[in-house]
Amino acid sequence: MSDLTTLLEVGGPVAALGGGAAYARAKHPAAYWSTVGLPVSTVRLLSSYGSVMEACGLTVTPSRLRVLAVKAMTQREVRPVPPRRGLIRPTTTGLRIRLRLAPGQEPADFAASAERLRHAWGVHAVYVTTVKPGAVELRLVGYDVLRRVRMPRKVVGDFLKVPVALGEDATPFVRDYRTIPHQLTLGATLSGKSMYLRHLIAGLASQPVALVGIDCKRGVELAPFAPRLSALATDPEQAAELLPVLVKEMEDRYDLIKARQGIAPGTPDEEITSDIWGLPEHERPVPVVLFVDEVAELFMVATRKDEERRDEMVTQLIRLAQLGRAAGMYLEVCGQRFGAELGKGATMLRAQLTGRVCHRVNDEASAKMALGDIAPEAVMAACSIAPERPGLAVAGDTSGGWSRIRTPYLSLGDAAEICRRSAKLAPDLPALKPFRPDVPVRPVESAPPVVLPHPATD
């Protein structure tokens, strides 16, 4: 009886501790990882590193000098040696460890064994990145960071660089317009596409950039950001008037570049290889980012006259996509579907959009429109996004690489307030003044400025 009492006295706290750990792991994974998961995974990695590498086929035959030394000093069996590892660096979401590749190894060998390493060390995921020739870094993620998104606190945007989401490897996904000038973002209703667009506009609002919007849903998506917009078109008729002005602005910038270079004004645009970033800062025009929401509305036609207008708009969009980068003009095209069925020019326009972000879609064909021509294996990943996870998306580019990302929550009111407080940063472009949206004048309160927080997405 006394033994049973002792067992109950000891087992009660142990059960409570185990239950608390299970609760923390389910409801507060970050806290669980910092207190329990990190030390357990570290011990597991250190104690099983050699055997795991050997089981995964990541060991190599030791050098002859090592074989001779082992035989001369000990009677042990000469075993294959694993890659030399560096120090283990813990993070708030996992671990980092740098490995030096043995002769004959390549990073693809470790990437192919990432799933085995994940199970062997009891972590959520393992990602492999090349640091330099002969060295790779294993990034171990301790829990699903996309279930409840928290952006890293040290992430700071730069000029034309906006951190808009968190990647599945716990690194921020940064939209860099200088590297990927144009992008296509697809997503069904309530998939998080608008949240992604909201983060982009809020991130660019504090930069010296002209923001132009085309929102054919009568402006319901982009109108809240009107104080910061340099131009806004809310229907196809206004878009048909705005796009030629943007094309003319692009041509004027090419003339500016040619005049600075001493090239004759009649030189064809395709022979100009420079861009506005080579101009002196005092002569350099401000970049322009064009947001097109529900791009399919620009392709819809009902009459013969509408068809002619559509052809003109599509031609102007294609020109902006082909030639706009050098002039500092970038496209952000959003929609639910985007393919050849929209009409003439749709496929040609899509081919000019280097970046691709695909949220949850209603059918496989929509995912193929976004990712099928750049990363076919990412199509199934986009099709498997659950409706319970708005903001989750698959991001890729024409290099063939892709990854899962998720945008944190940002309320429309906070994003609109950021744009209102940044209204004075809107550049003065005379050509776009007729399209500047009317904004009622509101006094600026003495409250602290609104800043982008590090929110969580449930």
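Crowding of K344 atom NZ: a count of heavy atoms from other residues, nucleotides or ligands under 6.0 Å not exceeding 12. Within 6.0 Å of atom CG in L46, more than 12 heavy atoms from other residues, nucleotides or ligands are found, so the atom counts as buried in its surroundings. Counting heavy atoms of neighbouring residues, nucleotides and ligands inside a 6.0 Å radius, atom CG of L412 exceeds 12 of them.
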Item checked: L320 and L290: CA distance, side-chain angles, deciding distance, side chain to side chain contact (heavy atoms under 4.5 Å, CB included) verdict -> CA-CA 10 Å; L320 288 172; L290 172 61; 4.1 Å; yes
Checklist line | Residue pair V52, C56: steps toward the side chain to side chain contact (heavy atoms under 4.5 Å, CB included) verdict | finding: CA-CA 6 Å; V52 168; C56 294; 4.2 Å; yes
Next item on the list: Decide yes or no on side-chain hydrogen bond (donor to acceptor under 3.5 Å, both in side chains) for R337 and S366, but give the supporting numbers first.
Entry: CA-CA 6 Å; R337 287 178 61 88; S366 298; 2.8 Å; yes
Next item on the list: I would like to know whether V149 and T407 meet side chain to side chain contact (heavy atoms under 4.5 Å, CB included); could you show each step before the answer?
Entry: CA-CA 7 Å; V149 178; T407 309; over 6 Å; no
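Among residues two or more places apart in sequence or in another chain, the ring pair (Phe, Tyr, Trp, His ring centres under 6.0 Å) test is passed with Y330 by Y177. In terms of the side chain to side chain donor-acceptor pair (under 3.5 Å) criterion, residue partners of D144 (sequence neighbours excluded) are, by chain and number, R389.
At least one side-chain heavy atom of I257 sits under 4.5 Å from a side-chain heavy atom of L279.
Cation-pi check for R116 over W121 is not met; the charged atom does not lie both under 6.0 angstrom from the ring centroid and within 45 degrees of its normal. Taking the centre and axis of the six-membered ring of Y49, the NZ or CZ atom of R85 falls inside the cone set by 45° and 6.0 Å.
No side-chain donor-acceptor contact under 3.5 Å links E168 to the backbone of I405. Judged purely by atom type and a 3.5 angstrom limit, S51 uses its side chain to pair as donor or acceptor with the backbone of S48. With R356 contributing its side chain and L184 its backbone, the two residues share no donor-acceptor pair below 3.5 Å.
Salt bridge absent: E221 and K193 never bring a charged side-chain N and a carboxylate O closer than 4.0 Å. Salt bridge E417/R420: present, at least one basic N to carboxylate O contact under 4.0 Å. A salt bridge links R175 with E332: the closest approach of a Lys/Arg side-chain nitrogen to an acidic carboxylate oxygen falls below 4.0 angstrom. Salt-bridge annotation for R89 and E137: present, with a side-chain N of the basic residue lying under 4.0 Å from a carboxylate O of the acidic one.
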